Amino acid sequence: MKKARSTVLKIGGVTIRAGETKDIGLSLSETYTGDTIRMPVRVIRAKKPGPRVFVTAAIHGDEINGTGIIHDFLFGEACEIKCGTLILVPVVNVLGFENNQRYLPDRRDLNRCFPGSQNGSMAGRIAYKLMNEVAKKCDFGIDLHSAAFQRTNYPNVRADLTNPAIRKLASAFGCALVIDGKGPLGSFRRECARAGVPTIILEAGEPWKIEPSVLQIGVQGIRNVLIHLGMQDGKSSPPPFLATIRKTQWVRATVGGILKFHIAPGEFVREGQAIATNYSILGEEQNIITSPTHGITIGMATMPAVKPGEPVCHIAKLSESQIKRYERNLNKDKSDPYKQAQSDLATNMDVVLVSD
């Protein structure tokens, strides 16, 4: 059971009282010249007590869709809360963010270094600071991510659905796709859960981009959680459908060449359906890559040039009956952000019809 905590909230040595909003520069490291490197944190406390929620972004420094989501949440509409505390961290990996890099300067993946160490490596120290100054002082967490280099992700929440509190949080966020899993060893959400802080992540879009439909889905999800927890008034915005995903599968290239895709992110596929055609560098057709299962495309390569074994498409497995039901729901409202995301995320791909 989680210990009862003090009503006093202090982050980086700064006290934030009930009813106050403060911007804090949380010291992370130093430059070669000894200047302090700080992580930007905004803390919003209502006068009335209630849950404490953190929202973090850019643990990978090139995944800035999450930064855009927090930015839009803050400045698009009023973000006042009626109870509790909201802690917003738009950029965790400040060093990677400054250099347009996924990793830290020591080449470590920060999202494999939690819970960290006070006297460890650079990554370990940053992880320790985030865990102890932010995460462990909260009741719930939302961590925002995008795909890795040369890939894009159709919006999906990832959560350990064996944990009842995390399952409720994932459902409250209101994303169309929820993928079950604890998360990799050393990942932020996994260690938060171990520390008694239910945490989910949103995976959406490409690195180095801030994409409109992703922003809409992310901001909507944060508001849904705050409404669910009683921190904001209003009515939650449900997704067009809600699919729980237990199994996913990557489809990989078998020969080197140039791909022409036949599907886009977020499209439903059937077993045997053409995903992409692989052409030689001189334009000769080599093979057609097909789907090994029924499902929905949750991730795709944005780099059309491939070598054998490189990823082409990530498919979340669904039944035929699920696909038919979800397709009907998705097509009811053409303005739905999930429908818009299908076209938005395909803008950097050569998507063509299958040739007869």
Side-chain angles (χ1 to χ4, degrees), residues 145-161 170 175-184 201-207 211 213-214 217 239-255 257 259-278 286-331 338-354:
H145 287 258
S146 299
F149 179 57
Q150 295 179 347
R151 299 181 197 171
T152 188
N153 283 335
Y154 187 67
N156 65 87
V157 159
R158 301 186 184 183
D160 179 7
L161 300 181
C175 190
L177 300 171
V178 179
I179 300 176
D180 185 19
K182 294 181 182 295
I201 68 170
L202 173 69
E203 282 279 1
E206 292 183 54
E211 297 160 293
S213 56
V214 171
I217 290 166
F241 61 89
L242 181 58
T244 299
I245 308 298
R246 305 292 181 184
K247 292 183 179 180
T248 68
Q249 183 174 352
W250 272 103
V251 181
R252 299 180 181 276
T254 56
V255 296
L259 299 178
K260 284 191 177 292
F261 295 98
H262 306 310
I263 60 172
E267 285 193 20
F268 296 99
V269 295
R270 271 75 175 182
E271 183 176 351
Q273 181 178 335
I275 291 174
T277 300
N278 190 319
Q286 301 186 108
N287 71 339
I288 296 176
I289 301 168
T290 60
S291 175
T293 184
H294 288 30
I296 183 172
T297 55
I298 56 171
M300 291 186 68
T302 56
M303 175 66 171
V306 291
K307 300 182 182 73
E310 289 189 333
V312 174
C313 180
H314 194 193
I315 300 175
K317 296 184 179 183
L318 298 170
S319 68
E320 176 66 22
S321 61
Q322 287 176 310
I323 290 175
K324 287 181 178 179
R325 186 167 71 253
Y326 298 154
E327 279 181 324
R328 286 195 302 269
N329 292 344
L330 188 59
N331 289 329
Y338 290 90
K339 187 69 177 177
Q340 185 61 40
Q342 287 185 343
S343 57
D344 286 352
L345 301 183
T347 54
N348 285 344
M349 298 178 184
D350 187 9
V351 182
V352 297
L353 294 175
V354 182

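The shown structure was predicted, so the numbers you read here are calculated from the model rather than taken from an experiment. This chain uses plain numbering: 1 for the first residue, then up along the sequence.
When atom types are taken as modelled, the side chain of Asn287 and the backbone of Val255 share no donor-acceptor pair closer than 3.5 angstrom. Judged by distance alone, the side chain of His294 and the main-chain N or O of Glu271 form a donor-acceptor pair under 3.5 Å. When atom types are taken as modelled, the side chain of Ser291 and the backbone of Thr293 share a donor-acceptor pair closer than 3.5 angstrom. Panel note: side chain Asn156, backbone Leu177; no donor-acceptor pair is recorded below 3.5 Å. Listed for the Tyr154 side chain is a donor-acceptor partner under 3.5 Å among the backbone atoms of Tyr338.
The shortest distance between side-chain heavy atoms of Gln286 and Thr254 does not fall below 4.5 Å. Residues Gln249 and Pro292 meet the side-chain proximity criterion, which asks for heavy atoms closer than 4.5 Å. Within the 4.5 Å cutoff, the side chain of Ile289 has heavy atoms near those of the Leu259 side chain. Considering only heavy atoms from C-beta on, His262 comes within 4.5 Å of Thr277 through its side chain. No side-chain heavy atom of Arg246 sits under 4.5 Å from any side-chain heavy atom of Lys317. Looking only at side-chain heavy atoms (C-beta outward), Leu242 and Val178 come within less than 4.5 Å of each other.
To the nearest 0.5 Å, the span separating NZ on Lys307 from CZ on Arg252 amounts to 14.0 Å. In this structure, CD in Glu320 is found 4.5 Å from NZ in Lys324, a value given to the nearest 0.5 Å. Distance CD/Gln273 to CZ/Phe268: 11.5 Å, rounded to 0.5 Å. In this structure, CD on Glu211 lies 5.5 Å from CD on Glu206, to the nearest 0.5 angstrom. In this structure, CD1 on Ile296 lies 7.0 Å from CD on Gln342, to the nearest 0.5 angstrom. From Ile275, atom CD1 reaches atom CD1 of Ile315 across 4.0 Å, with rounding to the nearest 0.5 Å.
The aromatic rings of Trp250 and His314 lie parallel to each other, with less than 30° between the two planes, well short of the 60° mark.
The shortest non-hydrogen separation linking Ala170 to Val157 is CB-CG1, 4.1 Å. Nearest heavy-atom pair, Asn329 versus Pro240, reported as atom, atom and distance to 0.1 Å: CB-O, 3.1 Å. Of all heavy-atom pairs spanning Leu330 and Lys339, the tightest one is CD1-N, 3.9 Å. Residues Thr302 and Arg151 approach most closely at OG1-N, 3.4 Å, considering heavy atoms. Summarising the geometry of Ala204 relative to Ser146, their closest heavy-atom pair is O-OG, 3.0 Å, with the distance given to 0.1 Å. A pairwise comparison of heavy atoms in Leu202 and Cys175 identifies CD1-SG, 4.2 Å as the closest pair.
Each of Ile179, Ile245, Asn153 was compared with Ile298 under the side-chain contact (heavy atoms from CB on, under 4.5 Å) criterion, and only Ile179 meets it.
For NZ of Lys182, the number of neighbouring non-hydrogen atoms (other residues, nucleotides, ligands) closer than 6.0 Å is 12 at most.
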- Message: side-chain contact (heavy atoms from CB on, under 4.5 Å) for Asp344 and Val214? Distances and angles first, verdict last.
- Response: CA-CA 9 Å; Asp344 286 352; Val214 171; over 6 Å; no
